[in-house]
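Written out below as structure tokens is the structure these notes cover.
From a predicted model like this one, the values you see are computed outputs, not experimental measurements. Sequence lines set the chain letters: A, B, ... in the order given, protein chains first and strands last, and positions in each chain run from 1. These numbers come from the heavy atoms of this one structure, side chains and all, not from hydrogens, waters or symmetry mates.
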Amino acid sequence: MAVHETTEAAAARTPNRGLRWLRRNIIAIAGLCTLGYLILPNIVVMVFSFNKPNGRFNYQWQRFSTDAWSDPCGVADLCGSLGLSLQIALWATVGATVLGTMIAFALARYRFRARSGVNTLIFLPMAMPEVVMAASLATLFLNMGIQFGFWTILIAHIMFCLSFVVTAVKARVMSMDPRLEQAAQDLYASPVQTFLRVTLPIAAPGIAAGALLSFALSFDDFIITNFNAGSTVTFPMFVWGSAQRGTPVQINVIGTAMFLVAVLCVVMGQLAGARRKRSKRS
Amino acid sequence: MTTTEAPAPPDGQAGAAPLEVRRTPARKRLVPYWLLLPGILWLIVFFAAPLVYQASTSIQTGSLEEGFKVTWHFATYWDALGEYWPQFVRSVGYAAVATALCLLLGYPLAYLIAFKAGRWRNVVMILVIAPFFTSFLIRTLAWKTILADGGPVVGLLNALHVLDVTSWLGLTEGQRVLATPLAVVCGLTYNFLPFMVLPLYSSLERIDPRLHEAAGDLYARPSTTFRRVTFPLSMPGVVAGTLLTFIPAAGDYINAELLGSTDQKMIGNVIQSQFLRVLDYPTAAALSFLLMAAILAMVTLYIRKSGTEDLV
């Protein structure tokens, strides 16, 4: 019995090399599989942007064609909805970033009585199912007799982007050394100068992150827009409608283009960051 | 400076303390309120007030033609619950399964980025965040292509006899994956996976790698190190990730609409159709509140159980 056990243990200790490699890298392999799961739909979108479907639906591969890429606006209302979404996202970003940065500074820099209440009010929109927020805001607009459209969408988008900006900026301002501002004041900088030359540059990455996040959230939002748009059609609303009527290939073209632009921006940001770090070190 | 800034106050106390010291606190005390005012007003008017308004809508009766009036008609809640409890149960069930799958799939990925990726860390990070930027509706529609009948995925699952097992479990029907619970859960898992990976990563990243070495020096096997050191230390990320995944997943109606059939309707679908198609606002409002209450109860219980308070 004992002999049997030791041979088994020895066998377990020296399994063939492939198995041992597998065991050591099992987490990395699982992680890469998850990464594949995350990226798979993007690849499908990219590939199917070169499809030439037979019917209205673009779910089956027929044959290669670059028609959709040469004529991305060839579908009625598609580019109009895209332009509207960009416009709304831009204004929502401006509004949410300005309001959110102000709140973040108040929360990070000052102690005041309503502080915990404000913190809760900021946290709640992020922790609430979107349907609930969307339905209640729409009920309010409906009962106040406000016409649904551009303005109601913009109001709703600023509302739900605000919390994300506050969180991003607050984190940055909190981790900032207050002595830097004191130093500026010791060197006779006026409060305005201190803010513009010291505080703002240090907070800038947080503000930029918040702004980017709100742009992405607003541009991509469907649930809240669906309730508060009336007959106005943003890009996600267009995609939603087309899912029922038949999805044009151009949707995949725009999806791919968005992906590529975003990756390009992120990579450029990373490179710029790396260069700044390198120049600082030298 | 101080003399030009303001004339000496008439009460004669000016000499007691330098002007600046006496004046700034009062001015400064108001600064945070001025900073807060516009944003908080926005949230009160367009977030908090609508919720209160929604509460009053849920106890109204009436019709679109005659108008709605508050009649304290609480029966709407009972009727809604009686009629739509299967969608409630389904929403919670799907969201729970999707959250568990997100944790299962997301943990290795977060671990990979935090400890194994090395100089590839930024690249992997970009690959996690980048899919975010293609419109999520387009990506969800892509799952229709991936899971299509007779497609490679269904073919593979069929060849491995996985579909026999899942249809026996009631997750799929016959040779199909689309328009079944499996497709909806797959879409939910996919859509909310980044919300799990990012908080997990940020809490794993904070763990000092020397703790792993110390555990190894004390003859802990890798699995023991994980169970006794890594996982407990990543608990804040696990809690934040599960909440960030579960809450939106329970209220979602896009995956159920695009990837499921009428048999997979979730509570979000019901609220959406009651509000936008049936125009029965009291029922939609009551359902919203029931959803909120259910989520609030579960989240409170969960946070209490998991024992972490440093969430936000």
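Closest heavy-atom contact between B:Gly39 and A:Leu162: O-CD2, 3.6 Å. Counting all heavy atoms, side chain and backbone alike, B:Gln54 lies closest to A:Thr139 at OE1-OG1, 2.9 Å. When all heavy atoms of B:Ile247 and A:Ala127 are compared, the closest pair comes out as CG2-O, 3.3 Å. Taking each heavy atom of B:Leu109 and A:Gly31 in turn, the nearest pair found is CD1-O, 3.4 Å. Across every non-hydrogen atom of A:Val132 and B:Met292, the tightest pair is CG1-SD, 3.4 Å. Scanning both residues, B:Arg139 and A:Pro41, for their nearest heavy atoms gives O-CB, 3.9 Å.
Aromatic ring pairs are classed by plane angle as parallel below 30°, tilted from 30° to 60° and perpendicular above 60°; the pair B:Trp143 and A:Tyr37 is tilted. Taking the six-membered ring where the residue is Trp, B:Tyr253 and A:Trp240 present perpendicular rings, their angle passing 60° and hence far from 30°.
Among B:Ala142, B:Ser288, B:Pro131, the residue with the largest count of heavy-atom pairs under 4.5 Å with chain A is B:Pro131. Here A:Ala135 is the residue among A:Ala135, A:Ala28, A:Gly255 with the most heavy-atom pairs under 4.5 Å with chain B. The candidate with the highest count of non-hydrogen atom pairs below 4.5 Å against chain B, out of A:Leu142, A:Leu107, A:Ile122, is A:Leu142. Heavy-atom pairs under 4.5 Å with chain A peak, among B:Tyr190, B:Tyr53, B:Phe289, B:Tyr33, at B:Tyr190. For the set B:Gly251, B:Pro108, B:Pro38, the count of heavy-atom pairs under 4.5 angstrom toward chain A peaks at B:Pro108. Among A:Asn252, A:Ile158, A:Ile251, A:Thr247, the residue making the largest number of heavy-atom pairs under 4.5 Å with chain B is A:Ile158. When each of B:Asn191, B:Ile267, B:Val45, B:Thr189 is checked for heavy-atom pairs under 4.5 Å with chain A, B:Thr189 comes out on top.
Between B:Leu127 and A:Leu38 the shortest side-chain heavy-atom distance does not fall below 4.5 Å. Put simply, the side chain of B:Val128 reaches to within 4.5 Å of the side chain of A:Leu35, judged on heavy atoms. For the pair A:Val45/B:Leu141, no side-chain contact is recorded, criterion being any heavy-atom separation below 4.5 Å from C-beta on.
The distance from atom CZ of A:Phe259 to atom CD1 of B:Ile138, rounded to the nearest 0.5 Å, is 12.5 Å. The structure places CD1 of A:Ile103 at 11.5 Å from CH2 of B:Trp42, a figure rounded to the nearest 0.5 Å. Here CE of A:Met159 is found 13.5 Å from CD1 of B:Ile44. Values are rounded to the nearest 0.5 Å. Interatomic distance, CG of A:Leu99 versus CG of B:Leu36, reported as 11.0 Å (0.5 Å rounding). Going from atom CG of B:Leu30 over to atom OH of A:Tyr110 covers 11.0 Å, rounded to the nearest 0.5 Å. Interatomic distance, OG1 of A:Thr152 versus CZ of B:Phe46, reported as 10.0 Å (0.5 Å rounding).
For B:Gln272, the parts lying under 4.5 angstrom from a heavy atom of chain A are both the backbone and the side chain. Of the atoms belonging to B:Ser135, heavy atoms from both backbone and side chain fall under 4.5 Å from chain A. For B:Ala130, the parts sitting under 4.5 Å from any heavy atom of chain A are the backbone and the side chain alike. With a threshold of 4.5 angstrom between heavy atoms, B:Leu51 approaches chain A through its backbone and through its side chain. Contact of B:Ile40 with chain A is made through backbone and side chain together, with heavy-atom distances under 4.5 Å. Neither the backbone nor the side chain of B:Ile129 comes within less than 4.5 Å of any heavy atom in chain A.
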- Query: Could you go step by step and tell me if B:Phe47 and A:Leu121 meet the side-chain contact (heavy atoms from CB on, under 4.5 Å) rule?
  - Reply: CA-CA 9 Å; B:Phe47 171 74; A:Leu121 189 62; 4.2 Å; yes
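Within 6.0 Å of the CD atom in A:Gln60, the count of heavy atoms belonging to other residues, nucleotides or ligands does not exceed 12.
Within the 3.5 Å criterion, the main-chain N or O of B:Leu105 finds a donor-acceptor partner in the side chain of A:Thr34.
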